[in-house]
Amino acid sequence: MKKYLIASHGKLASGLKSSLEVLTGIKDNVTVINAYLADQPVNVAQEVQKFLKTLNKEDIGIIFTDLVGGSVNREVVEQTKDLKQVFVVSSVNLPTILAVVLDQEPMNVVHLKELVASAPVEVMSLNSNVASLSDDDFLV
Amino acid sequence: MIKMLRIDERLIHGQVAVVWSKVLHVDHILVANDAVVNNETQQMTMKMAVPDNIKFICRSVSDAAKILADPRAAKLAMFVVVQNFKDAIKIAQPLQDQIAVINVGNYGLLPVNQHDKPQKTIATAVQVDEDDLKEIKALAKLQPPFEAQLTPDSQSKNFKKIYGGE
């Protein structure tokens, strides 16, 4: 089974979880850490540890963090560096989470890189793909 | 084969373009809608929402029906999206044996599907009036399964069972 942790500065993590549920209905096996909120302090190290303890031998853990080298990310990397069953993604956005969570292939680092590459941040430019397909082009 | 005929007043949006298309493993998405076919900007933004590996077109409902009747269409994994039950009937009626499932999610919450008659909620994000219900019953009598399900992991309601009886 795949289990997910989204860890961020502030409420990005719970916000991403909320968006994921709106879009897919998925809410199980998604844990969040909203770090450094003044009114809801959490111990990031402990929370990461708690998540890792939920992983059984055959489980895959995928952890999404916000900033590369940010303290949340560093804590996660530190705690998971020797764990082969855990993958860490940084600079997460909603399309990344959707691509990974909806994926059904066996997980490995090469495949995970492909999924992440499929969900880039992009600048909208409407002229880039205006051409509409003909019926014949569509029907192949 | 039409893997799903989806009735969704938002047509192509996140739940449809990104989530359902992935779960259904489709390679073609056809939007059948008489208004959007004349709105180039909407078509462009919809096209951008659709993953690159999926072919996308938008056609009027009657043109869409013609495309779907083409023998070549039967070999493709197709996802057809319409905005209302009326259009769904036009698509589904002649192609009943080629539709794996009819699905509704997001209906009656936007002005486009509100007709100044009292509405009631009959499933998550599905609000209908008495005219809609007549069309739902007509759809439920067709051959394909018919369900209300907003997203692949949310609860599903069997409309064929609820509305398909005499």
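These numbers were taken from a predicted model, which means no experiment stands behind them.
- Scanning residues 57-81 of chain B against chain A with a 4.5 Å non-hydrogen threshold yields B:I57, B:R59, B:I67, B:D70, B:R72, B:A73, B:L76, B:M78, sorted by number.
- B:V23 and A:M107 fall within the same hydrophobic cluster, where Ile, Leu, Val, Met, Phe, Trp and Tyr residues are linked whenever their side-chain heavy atoms come under 4.5 Å apart, directly or through other members.
- A:V140 touches chain B through backbone and side chain together, each having a heavy atom under 4.5 Å away.
- Atom NZ of A:K2 is surrounded by more than 12 heavy atoms from other residues, nucleotides or ligands within 6.0 Å.
- Neither the backbone nor the side chain of A:S118 has a heavy atom closer than 4.5 Å to any heavy atom of chain B.
- At a heavy-atom separation below 4.5 angstrom, chain B is approached by A:T24, A:G25, A:I26 within residues 24-53 of chain A.
- Separation of atoms NZ (B:K47) and OG (A:S132) is listed at 6.5 Å; rounding is to 0.5 Å.
- A heavy-atom distance below 4.5 Å is found between the side chains of B:Q15 and A:V22.
- Minimum interatomic distance between B:K55 and A:D137 (heavy atoms only, all atoms of both residues): NZ-O, 2.6 Å.
- For A:E122, no part sits under 4.5 Å from any heavy atom of chain B, backbone or side chain.
- In this structure, A:L23 is not a member of the same hydrophobic cluster as B:I12, with clusters built from ILVMFWY side-chain heavy atoms closer than 4.5 Å.
- Below 4.5 Å, heavy atoms of chain A meet no heavy atom from residues 113-124 of chain B.
- With a threshold of 4.5 angstrom between heavy atoms, B:K22 approaches chain A through side-chain atoms but not through N, CA, C or O.
- Within residues 149-162 of chain B, the residues having any heavy atom closer than 4.5 Å to a heavy atom of chain A are B:T151, B:P152, B:D153, B:S154, listed by residue number.
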